[in-house]
**Q** 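Before I ask anything, let me first share the structure, which is written out below as structure tokens.
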Protein chains: 2
Amino acid sequence: MAEHECVQLVPIFSELGSEQLDTIESIVRHHHYPAGSTLFGADDPLDSLMIVANGQVKVYQLAANGREQLLYLLQTGDIDGEAALFENQRRTSFGEALVPTDVCSIRRSDFQDLMQKYPSISINVLNVFGKRLSQLERQITSTATESVEARLANYITETAAALKTDTFKLPLKKKDLATFLGTTPESISRKLALFERQGLITQKPGKVIEINNADQLLLTE
Amino acid sequence: MAEHECVQLVPIFSELGSEQLDTIESIVRHHHYPAGSTLFGADDPLDSLMIVANGQVKVYQLAANGREQLLYLLQTGDIDGEAALFENQRRTSFGEALVPTDVCSIRRSDFQDLMQKYPSISINVLNVFGKRLSQLERQITSTATESVEARLANYITETAAALKTDTFKLPLKKKDLATFLGTTPESISRKLALFERQGLITQKPGKVIEINNADQLLLTE
DNA sequence: ATCAGAACTTGACGGCCGTCAAGAAATTCA
DNA sequence: TGAATTTCTTGACGGCCGTCAAGTTCTGAT
């Protein structure tokens, strides 16, 4: 493993030079989680910024009634932890490794020092947070005002657009997709079957979906 | 009006000295909106950070189906505009003055310069964004997994806790409260009537509510 | 390849809550 | 203060979708 492999691939450090990356590397802690294990659960530190060095992490939040809400699907290079940035912030979410995953963490106080020293970091984090805010705002509006059918149709078209292909594999199990969209696995199954009957999509084995009529799909209410 | 009245009361500039505030004041643009008018609508600039200098602003987002979602209720000193921070970011929300309102705006490029010059600003904005992220995450989880009844009960207890009183006036019309909670004015009326029948609250004229049993209210599912 | 367990699908049912409508209450403005 | 307009309340109804259950397909480990 190269010296600062972890911090090198993180966009928020992209403006920094090699010797600065060395500094950061020296205060970073490394962790490895096998697939299926829980990150920053109840027993993990609540005061660190997490960087996904390699792998995929699902971030959930627990509702008062015990249900889970999938908030983010973090990829390599993504960060998590608004909790890292201010005190008195209880962590209300937990992560789960989707595949074997490497994570780096930086303690809050260390990260605050870094931001003071290298302003480009905080501006980069600001960009990340800003985009995430926009995403969450759209998600709230969508969950609160649109039908399950419309939300699923939207998700399919957005995923296809992001992957730039009409045929793709759903990156999540139906149960996770359901908690992400605020519905149930059963409803997802039913709506996908409906879309197929309407000729909008074709379902293939292995959670693969082919979009036949993206325009019509977007009109779903 | 004092020289930098506007920038003075904004927490994100709190670490700056008087001469620095002067600098900022010189690049700020001032606006006034009468109650009921629309801020940063289709014809307004999309590339500025907005600071509420005086008044209250409701920030809405428009869903694909034409419905409105109330995202924030901004108070004096609050800021809005993740749109200010990066390019290619379409504004998807609009504001409406609840009362006669004064607003200052700073263009994106000017604000980016400021953050480069004074790192404390970006760290402060980061804190604002971080708290807002946490709030939105909780709101998503709540909207997606809990009943209207539970969401309303939560809203009432949280508002009471924030105001540190058991008797308070709802700061929003039922229609706005409804779009905020992802429901309808009718459902709000019905659920409040239900809470009153259960002895949990008492409704008084003028949208005033008295909480009689906060513990039981929190147990609402 | 085989088998056990997980994930998925489909049906039936019911309840929450959104919609429409009409009357009551509250607020605004002259 | 009084009238006009907006907001709110309550009832009736229906549909979306969540829940439970049982059968089927998929997946992954031995």
Side-chain angles (χ1 to χ4, degrees), chain A residues 34-36 58 63 65-70 96 98-100 141-153 155 169-198 201-209 220-221, chain B residues 34-36 58 63 65-70 96 98-100 141-153 155 169-198 201-209 220-221:
Chain A
K58 293 181 289 185
N65 53 21
R67 290 225 212 154
E68 290 174 357
Q69 170 74 33
L70 178 59
E96 186 187 326
L98 202 58
V99 296
T141 303
S142 167
T143 306
T145 69
E146 294 178 337
S147 68
V148 168
E149 204 172 320
R151 275 177 271 158
L152 179 59
Y155 174 82
K169 177 189 167 102
L170 291 173
L172 292 168
K173 291 177 184 157
K174 292 231 163 55
K175 177 172 158 289
D176 286 323
L177 190 51
T179 85
F180 183 68
L181 296 177
T183 179
T184 61
E186 292 95 325
S187 288
I188 305 255
S189 270
R190 274 187 256 270
K191 292 306 181 185
L192 285 179
L194 172 65
F195 290 158
E196 187 156 34
R197 258 179 279 132
Q198 293 174 334
I201 67 168
T202 308
Q203 294 190 74
K204 300 178 177 177
K207 285 202 274 286
V208 171
I209 285 183
T220 301
E221 289 227 345
Chain B
K58 294 181 290 187
N65 54 21
R67 290 225 212 151
E68 291 173 359
Q69 171 73 32
L70 178 59
E96 186 188 326
L98 202 58
V99 294
T141 303
S142 167
T143 306
T145 70
E146 294 178 336
S147 67
V148 168
E149 205 170 319
R151 275 177 271 158
L152 179 59
Y155 174 83
K169 177 190 167 100
L170 291 173
L172 292 168
K173 291 178 183 158
K174 293 229 164 55
K175 177 171 158 288
D176 286 323
L177 189 51
T179 86
F180 183 68
L181 295 176
T183 179
T184 60
E186 293 95 325
S187 288
I188 305 253
S189 271
R190 273 187 257 269
K191 292 306 179 186
L192 285 179
L194 172 65
F195 291 158
E196 187 156 35
R197 257 179 279 134
Q198 293 173 333
I201 66 168
T202 309
Q203 294 190 73
K204 300 178 178 178
K207 285 202 276 284
V208 171
I209 284 183
T220 302
E221 290 228 344

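The sequence lines fix the lettering, A, B, ..., with proteins before strands; numbering per chain opens at 1.
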**Q** Show each protein N/O and nucleotides 28-30 of chain D N/O combination with a separation under 3.5 Å, one pair to a line.
**A**
none

**Q** Taking side chain to side chain donor-acceptor pair (under 3.5 Å) as the test, write out the residues that go with A:Gln198, two or more places apart.
**A** none
**Q** Can you tell me if A:Asn65 uses its side chain to pair, donor with acceptor, with the backbone of B:Glu221 under 3.5 Å?
**A**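 The answer is no, because no donor-acceptor pair under 3.5 Å joins these two groups.
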**Q** What bend angle does the helix from C:dA1-D:dT30 to C:dA30-D:dT1 show across its length, from five-pair end axes and to the nearest 10 degrees?
**A**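 Taking five pairs per end, the axes differ by 60°.
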**Q** Within the structure, does a side-chain N or O atom of B:Gln203 lie under 4.0 Å from either OP1 or OP2 of D:dT9?
**A**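 Yes, within the criterion.
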**Q** Return the CG to CG distance between B:Leu181 and B:Leu172, rounded to the nearest 0.5 Å.
**A**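 Separation between the atoms: 9.0 Å.
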**Q** For B:Thr141, what residues pass the side chain to side chain donor-acceptor pair (under 3.5 Å) criterion, not counting sequence neighbours?
**A**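 By the side chain to side chain donor-acceptor pair (under 3.5 Å) rule, B:Thr141 matches A:Gln61.
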**Q** Are the side chain of B:Gln69 and the backbone N or O of A:Ala144 linked by a donor-acceptor pair below 3.5 Å?
**A** no
**Q** Map A:Glu149 and A:Gly206 onto DNA chain D by nearest heavy atom, then report which one ends up closer to the 5' terminus.
**A** A:Glu149
**Q** If you compare every side-chain N and O of B:Lys207 against the phosphate oxygens of D:dC8 (OP1, OP2), does one of them come in below 4.0 Å?
**A** yes
**Q** Holding to side chain to side chain contact (heavy atoms under 4.5 Å, CB included), I want the full list of residues that pass it with B:Leu98, two or more places apart in sequence or in another chain.
**A**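 Applying side chain to side chain contact (heavy atoms under 4.5 Å, CB included) to B:Leu98 gives B:Gln56, B:Lys58, B:Leu73.
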**Q** Which residues pass the side chain to side chain contact (heavy atoms under 4.5 Å, CB included) test with B:Thr179, not counting sequence neighbours?
**A** B:Tyr60, B:Leu70
**Q** What pair of heavy atoms forms the shortest contact from B:Pro185 to B:Ala178, and how long is it?
**A** N-CB, 3.4 Å
**Q** Tell me every residue that passes side chain to side chain donor-acceptor pair (under 3.5 Å) with B:Thr220, counting only those two or more places apart in sequence or in another chain.
**A** none
**Q** Give me the residues of residues 170-179 of chain B where at least one heavy atom lies under 4.0 Å from an atom of DNA chain C, by number, or none.
**A** none
**Q** Distance from B:Thr184 atom OG1 to B:Leu177 atom CG, nearest 0.5 Å?
**A**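 Answer rounded to 0.5 Å: 11.0 Å.
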**Q** What is the minimum heavy-atom distance between A:Arg190 and A:Arg197, and which atoms define it?
**A**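 Answer, listing the atom of A:Arg190 first, then A:Arg197: O-NH2, 4.4 Å.
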**Q** Considering residues at least two apart in sequence or located in another chain, which fulfil the side chain to side chain donor-acceptor pair (under 3.5 Å) criterion with A:Lys204?
**A** A:Glu210
**Q** Taking DNA chain D as the partner, which of residues 188-196 of chain A come within under 4.0 angstrom of it by heavy atom?
**A**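 A:Arg190, A:Lys191, in order of number.
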**Q** Where do A:Ser189 and A:Lys174 come nearest, in terms of heavy atoms and distance?
**A** OG-CD, 4.1 Å
**Q** Which sits closer to the 5' end of DNA chain D, B:Glu186 or A:Glu186, going by the nucleotide each is nearest to?
**A**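 The answer here is B:Glu186.
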**Q** What pairs of residues pass the salt bridge (Lys or Arg N to Asp or Glu O under 4.0 Å) test when at least one of them lies in residues 143-153 of chain A, not counting sequence neighbours?
**A**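 Only A:Glu149-A:Lys191 qualify under salt bridge (Lys or Arg N to Asp or Glu O under 4.0 Å).
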**Q** Distance under 4.0 Å to a non-hydrogen atom of chain B counts as contact; along DNA chain C, which nucleotides mark the start and end?
**A**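 Extent of the interface on DNA chain C: C:dC17 to C:dT27.
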**Q** Identify, between B:Lys169 and B:Thr184, the residue whose nearest nucleotide on DNA chain C lies closer to the 5' end.
**A** B:Thr184
**Q** So how far is it from B:Ile188 CD1 to B:Leu152 CG, rounded to the nearest 0.5 Å?
**A** 5.0 Å
